[in-house]
Amino acid sequence: MTILLAILAAVGGGLLYTIIGIIPGTDETATMVPITIILVLAGAPAVVLFAWEVGIITAMQIAHTIPTAMTALPGSTMAVPMVLNCSLAKRLGVPHMAMRKMASGSVVGTCFSLPLAIIVALILSPLGSVIAAHSGLIFTICALFIAYISSAKWGAVLAVIPFAIFIQALQRIAIEGHGSTVFTSIFMGITIGPMIYELFGALIPSRRKQFSKDEENETWLAPESKQSLPLIPNPFKQLTKKQIAFSGLWSAISCVGFTMSPVGMTVLSGEATSGRCKELYERISTALSVEDSTSNATYIAGLIIPLLGLGGVAIGGVAAGPAAPLFATAPRFEIGNNLAQLMTLPNYIIFGFIGLIGGAIIAYPIAMHKARAWTELMLRAISHEALIGAFCGLIVMLAFYEAGILGVFLAVTIGLVGGFLHTVFGVHTGVQFMTYYASAWIVTQLITIAGIIK
């Protein structure tokens, strides 16, 4: 029965996030977290939640290749590093080939990373208790590191401390008004921060004029490919041996660097591999296939290694972001009492592959055969604003469920501040998520230092 539920969750999640991934401009965390929280609070079995998470990661990372390749508009946040090469492929008249390379690379990256992540997790597992004991310090180091490699550089590094103080101040308000600290309200507020900032900006007359347009948006779609393919093409046969080798190499590197920002790893892999190709088409296709492979591998590794290897401590951009509900969702999960304690090694293997197959079974054939038709359907039939509104409404509901109207106010407050930091200063949400986990330790150390100096 549990296996059947896992299959249904993986396939159902794969279908849902195939649709979401085809819509340009979506964000993984903003779309994955709310529904996952609902499943966690609904009491879904741990292995079903794991299969769901692997399935939606796989589907989203395949589906986002479709609008990115066909329109040169990023299908998700993770697709942003691929836009330039997709734009070049479109100018060359081969966007369909770029998309197929990306979709195949995504599947190949998942196939490589799933066993590799389990191996790395088993190697690190003896250090799990030591890492858990020093998680506050590790979170802080990760936050500072991710901040430094972001576009804001030292500005983001300096922003970590005041943002940590701000988070803990809101938690104090939550204790006074709700009786305990909150997770969902703060976390969801960070998630929708850029949306909240833009919505507030629309209320300011001078900024509203910047957003206003008299003409409709126009998007040019490349023609459909006439190349004949099997219903489910072998992804390994869509890539060259060189591209498969690079995908395997960067999947391994992604597992070792699971604490890194997924976007940062994706950019790094693309730059490193494209420089080893001389001909333009080879350079574009190789960079895109390896980038999407790395993107998916980083997500899978960032989910599995903290769970299996580190005892459920949410270290890394994925564990602290899109996969966070599996690590801490009050009242069911918390650090030290989450999926890590409810799953065995065979669970990771069996339900990991169920998630992989369930997520790819719909997204991959659509990407390979129906890219143009589905892109046109999504652009015509689904309003991006309506999608954002739906997820904002879902997040408000979750915040209200956790702490009533106070939870909603806290979510909006941190969303406005976090959105400002993200949009204006480039202190992206990955830095903010990691700062959230590090905030209690940071503020405790600041209070200690202040007491010593006093």
Roughly how far, to the nearest 0.5 Å, is [atom2] of [Y] from [atom1] of [X]?
{"X": "Phe333", "Y": "Gln341", "atom1": "CZ", "atom2": "CD", "answer": "9.5 Å"}
{"X": "Leu308", "Y": "Leu124", "atom1": "CG", "atom2": "CG", "answer": "9.5 Å"}
{"X": "Met102", "Y": "Asn85", "atom1": "CE", "atom2": "CG", "answer": "9.0 Å"}
{"X": "Ile161", "Y": "Thr140", "atom1": "CD1", "atom2": "OG1", "answer": "9.0 Å"}
{"X": "Met82", "Y": "Thr65", "atom1": "CE", "atom2": "OG1", "answer": "9.0 Å"}
{"X": "Leu421", "Y": "Phe163", "atom1": "CG", "atom2": "CZ", "answer": "6.0 Å"}

[X] (side chain) donor-acceptor with [Y] (main chain) under 3.5 angstrom:
{"X": "Gln432", "Y": "Val427", "answer": "yes"}
{"X": "Tyr299", "Y": "Ala323", "answer": "no"}
{"X": "Asn338", "Y": "Ala328", "answer": "no"}
{"X": "Glu53", "Y": "Leu326", "answer": "no"}
{"X": "Asn296", "Y": "Ser106", "answer": "yes"}
{"X": "Ser185", "Y": "Val182", "answer": "no"}

Would a 4.5 Å heavy-atom cut-off, applied to side chains only, mark [X] and [Y] as touching?
{"X": "Phe351", "Y": "Val48", "answer": "no"}
{"X": "Phe112", "Y": "Ile300", "answer": "no"}
{"X": "Leu16", "Y": "Ile56", "answer": "no"}
{"X": "His178", "Y": "Leu410", "answer": "no"}
{"X": "Leu199", "Y": "Leu203", "answer": "no"}

After noting the C-alpha distance and the side-chain angles of Tyr197 and His422, does the key distance pass the side-chain contact (heavy atoms from CB on, under 4.5 Å) rule? CA-CA 9 Å; Tyr197 179 74; His422 174 92; over 6 Å; no
Among residues at least two apart in sequence or on other chains, which ones pass side-chain hydrogen bond (donor to acceptor under 3.5 Å, both in side chains) with Thr413?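 Thr413 satisfies side-chain hydrogen bond (donor to acceptor under 3.5 Å, both in side chains) with no residue once adjacent residues are dropped.
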Partner residues of Ser247 under the side-chain hydrogen bond (donor to acceptor under 3.5 Å, both in side chains) criterion, sequence neighbours left out: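 By the side-chain hydrogen bond (donor to acceptor under 3.5 Å, both in side chains) rule, Ser247 matches no residue at all.
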Has Leu158 got more than 12 heavy atoms of other residues, nucleotides or ligands less than 6.0 Å from its CG?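 Count over threshold, so yes.
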Answer yes or no: does atom CZ of Phe166 have more than 12 heavy-atom neighbours from other residues, nucleotides or ligands under 6.0 Å?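 Atom CZ in Phe166 is packed in, count exceeds 12.
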Using the rule given for side-chain contact (heavy atoms from CB on, under 4.5 Å), can you reason through Ile62 versus Thr18, listing the C-alpha separation, both sets of side-chain angles and the distance that settles it, and then say yes or no? CA-CA 8 Å; Ile62 295 173; Thr18 296; over 6 Å; no
Write out all pairs satisfying side-chain hydrogen bond (donor to acceptor under 3.5 Å, both in side chains) with one or both partners inside residues 32-50, taking only residues at least two apart or from two chains.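 Sorted pair list: Thr36-Trp52.
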The criterion is side-chain contact (heavy atoms from CB on, under 4.5 Å); which residues satisfy it with Ala164, sequence neighbours excluded?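 Checked Ala164 against side-chain contact (heavy atoms from CB on, under 4.5 Å); matches are Thr435, Ser439, Ile442.
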Quick one about [Y] and [X] (side-chain donor to acceptor, distance below 3.5 Å, no hydrogens or angles considered), yes or no?
{"X": "Asn347", "Y": "Thr344", "result": "yes"}
{"X": "Ser104", "Y": "Tyr364", "result": "yes"}
{"X": "Ser295", "Y": "Gln61", "result": "yes"}

Does the pair Ile449 and Ile452 meet the rule for a side-chain contact (heavy atoms from CB on, under 4.5 Å), with working shown? CA-CA 5 Å; Ile449 293 171; Ile452 293 173; 5.6 Å; no
I need the full list of salt bridge (charged side-chain N to carboxylate O under 4.0 Å, His left out) pairs touching residues 404-425, with sequence neighbours left out, sorted by first then second residue.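 Applying salt bridge (charged side-chain N to carboxylate O under 4.0 Å, His left out) to every pair that reaches into residues 404-425, excluding sequence neighbours, yields nothing.
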Output every pair passing salt bridge (charged side-chain N to carboxylate O under 4.0 Å, His left out) with a member in residues 164-179, not counting sequence neighbours, ordered by first then second residue.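 Checked against salt bridge (charged side-chain N to carboxylate O under 4.0 Å, His left out) - neighbours excluded - the pairs reaching residues 164-179 are Arg172-Glu176.
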I want to know whether Phe420 and Phe425 have ring centres closer than 6.0 Å.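 Phe420 vs Phe425: aromatic centres under 6.0 Å.
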Run the numbers on Leu288 and Asp292 for side-chain contact (heavy atoms from CB on, under 4.5 Å), then give the verdict. CA-CA 6 Å; Leu288 288 173; Asp292 221 273; over 6 Å; no
